[in-house]
Amino acid sequence: MMKDVVITFLCIAILLYFLLGGADFGAGIIELFTSTKNRSKTRKTMYQAIGPVWEANHMWLIIAIVILFVGFPFIYTTMSVYLHIPLAIMLIGIIARGTAFVFRHYDAVKDDMQWLYNRIFRYSSFVTALFLGIIAGSLISGHIDTQATDFYTAYISGWLNWFSIAVGLFTVALCGFLAAIYLIGETKEAHDKKRFIKKAEVMNVAAVVFGAMVFIAAQRDKIPLIDWVFKSSVGLWAIVLASLSLVLLWYLLIKGKTKVLRILAGFQVTMILLAISYAHFPNFIRLKSGDAISLLTTVGPEKTIYSLGLALLLGSVLILPFLGYLFYKFQKKEE
Amino acid sequence: MDDFIAARSQMALSLGFHIIFSCIGMVMPFFMAVSHYKWLKTNNEVYKNLTKAWSKGVAIFFATGAVSGTMLSFELGLLWPKFMDHAGPIFGMPFSLEGTAFFIEAIALGFFLYGWNKLNKWFHWFTGMVVGVSGLASGILVVAANAWMNSPAGFDFANGQYLNIDPIQAMFNKAWFSQALHMCLAAFTATGFAVAGVHALMILRDRNREFHLKAFKIAAVFACIGALLQPLSGDISAKDVARRQPAKLAAMEALYKTEKPAPLLIGGIVNEQDKTISGAIKIPGALSFLAHGDFGAEVKGLDQIPENEHPPVAVTHYAFQIMVGIGTLLMLIALVYFFNLIKRKPLLEQPWLLKLFVMAIPLGYVALEAGWVVTEVGRQPWIIYGIMRTKDAVTPMPGIAYSFYIFSAIYFSLSIIVTFLLYRQIKMVPVLYAKTESK
Ligand code: HDD
Ligand code: HEM
Ligand code: HEM
């Protein structure tokens, strides 16, 4: 019972990190691909949009990690050992962008240093999202080899492969897409709205292209991605719903109805994640040997799971109303 | 550099870096709450400006604390996977509760920083308090996890297996109370002296006197109360260590031979090869008293502990001397300050007192880092005391040295930038908070 509670929280934390943290990375990615003359405006909009909540957005990652190391230590340590390098790079990205984001806002003197903060923020947003995707891709790619004896197979080829990189790029595009959709609702000027709509289009196209790359790479690496998505009814439904919501989303965009866009975009990404992960759930890491490490078999001792579940339930009772109020309070524009 | 040494150094560096920011995150909200309260009560604009100025500093530190903390939660696995395989489910309880505390802290901080003129003013004040209380709670919780490494509890260890795991019992282990108490006081002392010292410097330079004087007073009171209580709590800690980790106590005091009664050694040069210490001041019987509350008691020396379980003696001993030396000094400063307050002598006529505070800016943090070195190095060679050795826990991945160099460079640049930003914040005070300004 509690095991299910814990697993549910884990999934929710990962999903929310993809959506909220992802939109946050996306903001940096968008900035990276914005022409110089519009950058400062993009930055302002972005700051207003994510400033109050950005700290909370990143808590989901910590929640997910804590659930993993308390409840599923074997998964946590397997990742830590065999994906050490991409994890370390992602961490460097997180450190760099988190601090640059705050520094550029709180530097009392606005001078040339801003140039540096901006650079760091943009590039590290890109790198963090890329490696987040690479890590996610590697977990299901079946390239991780826990019996490897040489450095390259053990610590490099597990994540440096076409499939993982394609997933990484796909993630970057999704993050950019989420952020663009999010920002559309944050601006008032028609001109800016147009700009963000354009960005959303570009990111959407990029996502489709990289998504296709993911499938090609999966074919090449003999990862049964197509089976997962198209041979399970849940996967199929998820993909259908994602596509339908995309059509609806573009229709609403053209009509200029920005209110529901965010929900649709979030829904769409959720469906994509569902489609990819449902078929092999609860397997969390697929290994080269053909085995998989499953959430169900590596779960920690009963008492631990029980208290972890209790802590999570208690925590959400304390947190959710407060968090909801935060989003609500700062969503309401000073009209 | 040897991978094992690199892993230890990287862990130590990351923790040593994180602790500075987390202490500020734990303590500054309380300073702000006092100033904020005074603004709401007196309507004196200076307090409002002070609250805002501090909150900007805190935002910078908070972000740095949060990213370095995120780093740590991964690093435990990246560097010590075999430790986490077993320890995770046992000492994880405080971490999962800590997650809740962090979350509340982050949300409350969002409200606090962005809530000026948007929220009911008392609710706004309350959100600031929530930041402080949840920060303190998370500090206490994470120290419980560390205390478990010093004093493992909540499981049975048989044939290399960890059985009958009880995470609640693990959390309330024997070392938890003394460590958490001492750590919280240390946070107030260290941050209080650092903040008070910076404002004292500004007063001496005659910049925005009223502003800095008010700031100084708030910080100094917290700092001095902490500094007075710290030696008492340190004594509780020492007695605790004597009971649960005799090897650590012996290393702290460089006590190579069991003695009855044992003298307290102050200073001195440790020679680890010959297992001797020279040039130390001896206070007969004092160690017996400190460790066991009895001037005649026997204190276990390193000679009663197998050689392969000795912690590095020199580092532990020096670090302990530094902490206690600074602790004593800060306590004296606190006494002088309170004496001054009672006598109602105006601070501005006592520049020497202000100078004393300026001198103390880094001292609290030096003591705090030294204290952690005592605790952590004194626990070696164990990662879980008496159960698992540190070298058995290290990651199999080679090349950790490079990771250590990279992260050192990152932490080094971050320190420089943060210092630089803070310097700018302070420099801009006259511009940003000139009397008429109320932005
Ligand atoms: C402002 C910082 C500060 C100051 C002034 C002191 N300490 Fe301390 N001390 C710490 C900051 C600290 C710390 C960094 O917070 C530690 C590390 C782990 C812990 O629980 O607290 C610590 C640990 C620590 C330990 C080891 C605890 C353990 O391993 O469980 C002992 C025995 C003492 N201290 C004793 C003292 C004494 C006798 C002091 C007398 C003046 C003193 N400390 C001042
Ligand atoms: C933030 C304050 C802390 C500081 C400054 C600190 C300092 C250090 C130092 C200096 C070492 C290296 C010891 C050596 O190898 O000789 C170390 C090791 C370590 N610390 Fe801490 N520590 C802190 C808190 C914690 C907490 C709260 C935890 C865990 C929950 C923790 C877990 C570890 C681990 C796992 C190691 C590596 C294993 C070992 O060397 O024993 N530390 N720390
Ligand atoms: C004695 C040691 C420690 C103390 C007192 C402490 C305390 C704190 C505090 C008060 C914060 C809030 C952030 C801030 O205000 O700057 C924080 C942040 C954080 N700490 Fe630590 N910490 C310690 C060690 C650790 C360790 C060992 C870990 C992980 C294993 C850790 C993980 C985190 C994380 C993930 C955050 C970010 C949370 C956020 O975004 O607010 N901390 N820490």
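In what follows, every chain begins at residue 1, and chains take the letters A, B, ... in the order their sequences are listed.
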Query raised in the report: Among A:Tyr82, A:Phe72, A:Tyr117, who wins on heavy-atom pairs under 4.5 Å with chain B?
Result: A:Tyr117
**Report entry** Best-contacting candidate, A:Leu310, A:Leu87, A:Ile65, A:Ile305, against chain B by heavy atom pairs under 4.5 angstrom
**Finding:** A:Ile65
Report summary line: Residues at least two apart in sequence or cross-chain that pass ring-ring contact (aromatic ring centres under 6.0 Å, His included) with B:His86, listed by chain then number, are B:Tyr162
Which heavy atom of [X] sits nearest to which heavy atom of [Y], and what is that distance?
X	Y	value
A:Ala311	B:Leu97	CB-CD2, 3.8 Å
A:Val70	B:Gly92	CG2-CA, 3.5 Å
B:Pro89	A:Thr304	O-OG1, 3.0 Å
B:Ala63	A:Val102	CB-CG2, 3.3 Å

Query - Neighbour count above 12 (heavy atom, 6.0 Å) for A:Phe74 CZ - result: no
Query raised in the report: In terms of heavy-atom contacts, does OH of B:Tyr402 have more than 12 from other residues, nucleotides or ligands at under 6.0 Å?
Result: no
**Report entry** Residues B:Ile417, A:Thr99; criterion side chain to side chain contact (heavy atoms under 4.5 Å, CB included); working and verdict
**Finding:** CA-CA 10 Å; B:Ile417 299 182; A:Thr99 46; over 6 Å; no
Report task. Under the side chain to side chain contact (heavy atoms under 4.5 Å, CB included) rule, what do A:Ile62 and B:Phe95 come out as? Steps first, then yes or no, please. Result -> CA-CA 10 Å; A:Ile62 294 162; B:Phe95 282 109; over 6 Å; no
**Report entry** Intermediate values then yes/no, side chain to side chain contact (heavy atoms under 4.5 Å, CB included), B:Ile104 and A:Ile319
**Finding:** CA-CA 6 Å; B:Ile104 294 176; A:Ile319 289 167; 3.9 Å; yes
Requested in this report: Tell me, for B:Ile406 versus chain A, whether the close heavy atoms (under 4.5 Å) come from the side chain, the backbone, both or neither.
Outcome: side chain
Report summary line: Turns out that what part of B:Leu78 lies under 4.5 Å from chain A's heavy atoms comes down to both
Requested in this report: Under the side-chain contact (heavy atoms from CB on, under 4.5 Å) rule, collect the residues that match up with A:Lys303, sequence neighbours excluded.
Outcome: B:Asp166, B:Pro167
Query raised in the report: With A:Thr128, which residues qualify under side-chain contact (heavy atoms from CB on, under 4.5 Å), at least two apart?
Result: A:Phe25, A:Met90, A:Ile94, A:Arg97
Query raised in the report: Can you say whether A:Ile63 sits under 4.5 Å from chain B via the side chain, the backbone, both, or neither, judging by heavy atoms?
Result: side chain
Query raised in the report: What are the residues of residues 393-401 of chain B, in order of number, with any heavy atom under 4.5 angstrom from a heavy atom of chain A?
Result: B:Thr395, B:Pro396, B:Met397, B:Pro398, B:Ile400
Do [X] and [Y] come within less than 4.5 Å of each other through their side chains, counting heavy atoms only?
X	Y	answer
B:Thr70	A:Leu61	yes
B:Phe74	A:Phe69	no
B:Thr100	A:Leu318	yes

Query raised in the report: Is the backbone of B:Met84 close enough, under 3.5 Å, to the side chain of A:Tyr76 for a donor and an acceptor to pair up by distance?
Result: no
Query raised in the report: Please walk me through it: do B:Val418 and A:Phe103 pass side chain to side chain contact (heavy atoms under 4.5 Å, CB included)?
Result: CA-CA 8 Å; B:Val418 168; A:Phe103 290 171; 3.6 Å; yes
